[in-house]
Amino acid sequence: MQDKFFSVRMRAAKDASHEKGGKHISGGEMLATYENIKKAMNTLMDKALSHARGAPDFMQIQFEEVDKPFHLLAPLHIKTNTVSNADEGHEVAINLLKKCGVPKQTIDMAYDVISQNDGMRGAILIDAHSGERVDNRGKKGIRVSRMDWFDETFEKWATRQNMPVHFRVKEAVTLATKVANHPDTIAELCWSDDPDYVTGYVASKELGYQRISNLKEYGDERGCRIFFVGRSENIETYIDYLEKEPILLEWEEENDTRIN
Ligand code: PML
Ligand code: MG
């Protein structure tokens with residue numbers, strides 16, 4: 001029997017709530033046992049109150065019991081691509097997306113969608129074959145939820161992988177692992193909307209979490225999160241997995257095999 005788990009979520013905005021057109025500042029997801037709900041809420045509150053995108057004047061933190069058993073997933077393998085500027089970073093990203101099977105035409109269409117959708121708070125879903133956006137969620141996008149990686153194993157893993165032992169990395173690898181483990185995901189492309197963070201990634205089940213050291217200029221508040229979907233006829237089931245299926249990451253050194 002698993003313990004009861006609670007999904008704890010936060011979103012924060014500035015100059016009004018998201019619904020009233022405010023600027024998105026921060027969002028966050030955690031899973032917690034009943035005893036850890038307060039700690040999770042504090043972690044998420046701190047994340048939003050000291051944010052490089054600005055001081056929020058709207059924040060919502062909520063928790064709810066997760067009514068399904070969670071699945072355990074091993075984190076994606078990590079590979080770091082060091083580049084000297086954002087243009088080089090995008091070249092690497094485009095090549096990786098092509099390797100995953102995303103046609104060049106779709107990649108071009110995705111970059112157009114990114115430039116037209118500044119200030120998104122969730123992910124955009126794009127049909128890998130047609131290049132069309134398929135999520136119908138406007139500025140809100142799709143928020144991947146109900147996932148976490150408990151600190152103890154994350155910290156061991158990060159130290160072993162020479163990755164920063166940082167909440168940001170934990171969140172990004174957790175999300176990328178959940179997304180990549182759905183068979184309809186062809187690839188993900190992401191970089192942060194935080195002005196002080198320029199590292200991003202392309203991820204897929206086969207290529208792993210391919211960090212790219214620079215995908216934008218410092219000071220730029222435009223971020224990106226796109227999931228390239230292989231089959232969009234089951235898009236509602238796919239969205240349901242992203243939003244509802246509880247996932248916990250686990251990692252054991254002995255079972256780890258590296259690809260790089
Ligand atoms: C984000 O901050 O919104 C995404 C960060 C992606 C890259 C994290 C990393 O691997 O350093
Ligand atoms: Mg951000």
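We count ligands from 1, going down the list as the structure has it; atoms in each ligand are counted the same way.
- For ligand 1, none of its N or O atoms has an N or O atom of Asp194 under 3.5 Å away.
- The aromatic ring centres of Trp157 and Trp149 sit less than 6.0 Å apart.
- Between Asp184 and Arg231 there is a salt bridge, since a side-chain N of the basic residue sits under 4.0 Å from a carboxylate O of the acidic one.
- Atom OD1 is the N, O or S atom of Asp193 at the shortest distance from the Mg ion (ligand 2).
- In the candidate list Tyr209, Tyr201, Trp191, Phe167, Tyr209 is nearest to atom 9 (C) of ligand 1, counting heavy atoms.
- The Arg211 neighbourhood of ligand 1 comprises atoms 9 (C), 10 (O), 11 (O), with distances under 4.0 Å to a heavy atom of that residue.
- Tyr197 carries Arg168 over the face of its six-membered ring, with the cationic atom under 6.0 Å from the centre and within 45° of the normal.
- The protein non-hydrogen atom at the shortest distance from atom 3 (O) of ligand 1 is Ser192 OG, 3.7 Å.
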Can you list the steps and then say if Asn214 with Glu88 is a side chain to side chain donor-acceptor pair (under 3.5 Å)?
CA-CA 8 Å; Asn214 190 340; Glu88 231 181 78; over 6 Å; no

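- A ring-centre distance under 6.0 Å is not found for His182 and Phe227.
- Aromatic ring pairs are classed by plane angle as parallel below 30°, tilted from 30° to 60° and perpendicular above 60°; the pair His24 and His18 is tilted.
- Of the options Gln210, Arg168, Met163, the smallest heavy-atom separation from atom 2 (O) of ligand 1 is shown by Arg168.
- Of all N, O or S atoms in Asp194, the one lying closest to the Mg ion (ligand 2) is OD1.
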